[in-house]
**Q** 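The structure that follows is given in the form of structure tokens.
Worth saying up front: this structure is predicted, and the values here are computed from it rather than measured. Note: hydrogens, waters and symmetry copies are ignored here, and every other heavy atom, side chains too, is used. Below, chains carry the letters A, B, ... as their sequence lines are ordered, and counting in each starts from 1.
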Amino acid sequence: MGRWAIAVHGGAGIDPNLPAERQEQAKQLLTHCLNLGIAALSSNVSAIDVVELVVKELETDPLFNSGRGSALTEKGTVEMEASIMDGTKRRCGAVSGITTVKNPISLARLVMDKSPHSYLAFSGAEDFARKQGVEIVDNEYFVTEDNVGMLKLAKEANSILFDYRIPPVGCAEAAATDSPIVMNGLPISIYAPETVGCVVVDKEGRCAAGTSTGGLMNKMMGRIGDSPLIGAGTYASELCGVSCTGEGEAIIRATLARDVSAVMEYKGLGLQEAVDYVIKHRLDEGFAGLIAVSNKGEVVCGFNSNGMFRGCATEDGYMEVAMWE
Amino acid sequence: MVGWAIALHGGAGDIPIDLPDERRIPREIALRHCLDIGVSALKSGKSPLDVTELVVRELENHPDFNAGKGSVLTTEGTVEMEASIMDGKTKRCGAVSGLTTVVNPISLARLVMEKTPHIYLAFDAAEAFARANGVETVESSHFITPENIARLKQAKEFNRVQLDYTAPTPKVPENCGDSQIGTVGCVAVDSAGNLASATSTGGYVNKMVGRIGDTPVIGAGTYANHLCAVSATGKGEEIIRGTVARDVAALMEFKGLSLTEAAAYAVDQSGPRGTCGLVAVSANGEVAMPFNTTGMFRACATEDGYTEIAIWPKN
């Protein structure tokens, strides 16, 4: 009988000037979600079920960029995506372009369990959702006032920033001068850390992972990021479960989640070494973070971004919620 | 300095050994034609990225392969095409899904890579992006062939998701069913060791509307880095969970396997027999074209004069 472990995240790349109140809210939500997962694990709920229930909680709370509280597209709407993977048989499910399904992670799970496919998107996914009888809401449900304000700022910033490696000037300067950090083309004060995720290993040593997001603030309609892509944002195998967050392009090019498992499988590295290796060597010019668990009950977080909202816990009582280094 | 190499495929699947001449010969001719185009382009110094795009465009335009014109149909009788392209040197990539009117999905994928800050665009928005950029579009009916209408009918009769190489006969062939489906792809390396990969498909016969397969998923159907370039084909769901294209490169890098060993291993480990094939080239100009299906439409050539065009395993 192994030991369970769980980690959650609320996105990588945090504004160093984030108000104390927001930091506190984030910590509380992460703690709450961890506790939910811990209670489930203690009652022998399987890893895949724990991942789904924890990510649902993160989606439902408007604080992070997933489900309600998702970042907005250039048109001010919400388009969500998510993926989930069960390490035991490497089964997986993913969805993109979700606009009315309350919990995208649960829809991804249904794709895995109830459809002949692994990935459904846009109207096809929405039709499937209705046939499965999942909870449907209006797109407005997901839109928060905070994000409407952020979208406006992002549009101003984007009209100035073409190459995100060039420091911002002009209207967004006020926002940017205090935080010259840029992620995905936006000054970090405007950037909504993308994605929430959860990774779990249960007492049977089964690993699972799940990731969900509203995506990039002011994104083009129809833009798909790393979160629904198996191997990029999410991966789970017999050895580990991984969920990534940060600059989508960097994560996709690096096949980041898959690489953690690949270096464990093919180089024989342990979880910590594997995570350190991929963060150090796979993210050329990109900023991202990840959480990972191993079938041995270990849990590791790694990131090269400016902070990552995260929390982890293991069966022997260890628990930590953090944002910075 | 090593030589250039190119490999391309028109899909792995349960291609019956007794495929009638009238279905086999046009495809062999097409494979040769595409290989010749690719080889000329490499010889004239075009980059592997240009070469793979060019060859895949040609395969998309050919109605006998499951990409572009000749794409298999969704359960509603429509076409939803997807593609991805990756440049090994920079690891930049582009992908598209859910296309219904774009004549060459692979070129749109390239445009996403080069003209947007994103990697992957899909469905209505991808179509809108195509129009906004003056990309060639046509009526959806252009892509639909009588063969594919017949395949869909057959699949619906069997009420299962089906491979697309079964002859349209009423009986259920032994291996007909849930496995492989065609795709097209091309990988190339130039004499400087620059690599690129491109893959395009119509997907799965009778697929659910909105179903995305491995083809546009970087690391699953397409991958290229400084070591190799890979394009996979087969049952999308297996290739996604197997991260097949990425695995070939990962095995070379992390386990020190050769291209041939890595490619064979990746196919073997990807899933059940009959679900996967791939073409790959290495920075050293080597080629590998393994598959665990009955056959794979494929062709390759290397600078030292070797060429091969084949469908079934060589015994």
**Q** Go through the atoms of Arg253(A) and report whether side chain, backbone, both or neither lie under 4.5 Å from a heavy atom of chain B.
**A**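 The answer is both parts of Arg253(A).
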
**Q** Are Glu237(B) and Arg241(B) ion-paired here, with the side-chain N under 4.0 Å from a carboxylate O?
**A**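 The answer is no: the pair does not qualify as a salt bridge.
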
**Q** Between chain B and each of Asp259(A), Ile230(A), Leu269(A), Leu229(A), count heavy-atom pairs under 4.5 Å; write down the option with the most.
**A**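 Looking at each option in turn, the highest pair count goes to Asp259(A).
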
**Q** Looking only at side-chain N and O atoms, does Thr213(A) offer a donor or acceptor that is under 3.5 Å from a partner on Glu81(A)?
**A**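 Not at all, the side chains of Glu81(A) and Thr213(A) share no donor-acceptor pair under 3.5 Å.
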
**Q** Side chain from CB out, backbone as N, CA, C, O: work out which of these in Ala250(B) comes under 4.5 Å of a heavy atom of chain A, or both, or neither.
**A**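 For Ala250(B), the contact with chain A is made by backbone and side chain together.
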
**Q** Any sub-3.5 Å donor-acceptor pair from Asn225(B)'s side-chain atoms to Leu227(B)'s backbone N or O?
**A**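 Side chain of Asn225(B) to backbone of Leu227(B): a pair is present.
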
**Q** Output yes when a side-chain donor or acceptor of Asp226(A) lies under 3.5 Å from a complementary backbone atom of Ile251(A), and no otherwise.
**A**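 Not a single qualifying donor-acceptor pair exists.
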
**Q** With a 4.5 Å cut-off on heavy-atom pairs, point out which of Lys89(A), Met85(A), Lys219(A), Met220(A) contacts chain B the most.
**A**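 Of Lys89(A), Met85(A), Lys219(A), Met220(A), Met220(A) has the most heavy-atom pairs under 4.5 Å with chain B.
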
**Q** Please classify the contact between Thr90(B) and chain A as side chain, backbone, both or neither, with a heavy-atom cut-off of under 4.5 Å.
**A**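 For Thr90(B), backbone heavy atoms alone lie under 4.5 Å from chain A.
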
**Q** Does anything in residues 104-128 of chain A pair up under salt bridge (charged side-chain N to carboxylate O under 4.0 Å, His left out), and if so which pairs, sequence neighbours excluded?
**A**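 Pairs touching residues 104-128 of chain A that pass the test: Asp49(A)-Arg109(A), Glu52(A)-Arg109(A), Arg91(A)-Asp113(A), Arg109(A)-Asp113(A), Glu126(A)-Arg130(A).
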
**Q** Name the option with the most non-hydrogen atom pairs under 4.5 Å to chain A; the candidates are Thr74(B), Thr116(B), Leu121(B).
**A**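 Among the listed options, the one with the most contacts to chain A is Leu121(B).
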
**Q** Heavy atoms only, distances under 4.5 angstrom: which of Ala125(B), Gly256(B), Ala122(B) has the most pairs with chain A? Name it, please.
**A**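 Among the listed options, the one with the most contacts to chain A is Ala122(B).
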
**Q** Is the closest side-chain donor-acceptor distance between Thr199(B) and Ser84(B) under 3.5 Å?
**A**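 No, because no side-chain N or O of Thr199(B) sits under 3.5 Å from a partner of the opposite role on Ser84(B).
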
**Q** Using ring-ring contact (aromatic ring centres under 6.0 Å, His included) as the criterion, list what pairs up with Phe123(B), not counting sequence neighbours.
**A**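 Here the qualifying residues are Phe122(A).
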
**Q** With a 4.5 angstrom heavy-atom cut-off, is it the side chain or the backbone of Glu80(B) that approaches chain A, or both, or neither?
**A**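 Nothing of Glu80(B), per the 4.5 Å heavy-atom cut-off to chain A.
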
**Q** Which answer fits Ile218(B), side chain, backbone, both or neither, if we ask what part of it has an atom under 4.5 Å from a heavy atom of chain A?
**A**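 Contact with chain A: backbone and side chain both.
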
**Q** Within the supplied structure, the quantity of interest is the number of heavy atoms (other residues, nucleotides, ligands) at a distance under 6.0 Å from Glu114(B) CD; does it exceed 12?
**A**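 Count over threshold, so yes.
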
**Q** Side chain, backbone, both or neither: which part of Ala232(A) has a heavy atom under 4.5 Å from chain B?
**A**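 For Ala232(A), no heavy atom lies under 4.5 Å from chain B.
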
**Q** What residue in Arg282(A), Glu265(A), Met221(A) has the most heavy-atom pairs under 4.5 Å with chain B?
**A**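 It is Arg282(A).
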
**Q** Count the heavy-atom pairs under 4.5 Å between each of Leu251(B), Asp214(B), Asp124(B) and chain A, then report the option with the highest count.
**A**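 Between Leu251(B), Asp214(B), Asp124(B), the count favours Leu251(B).
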
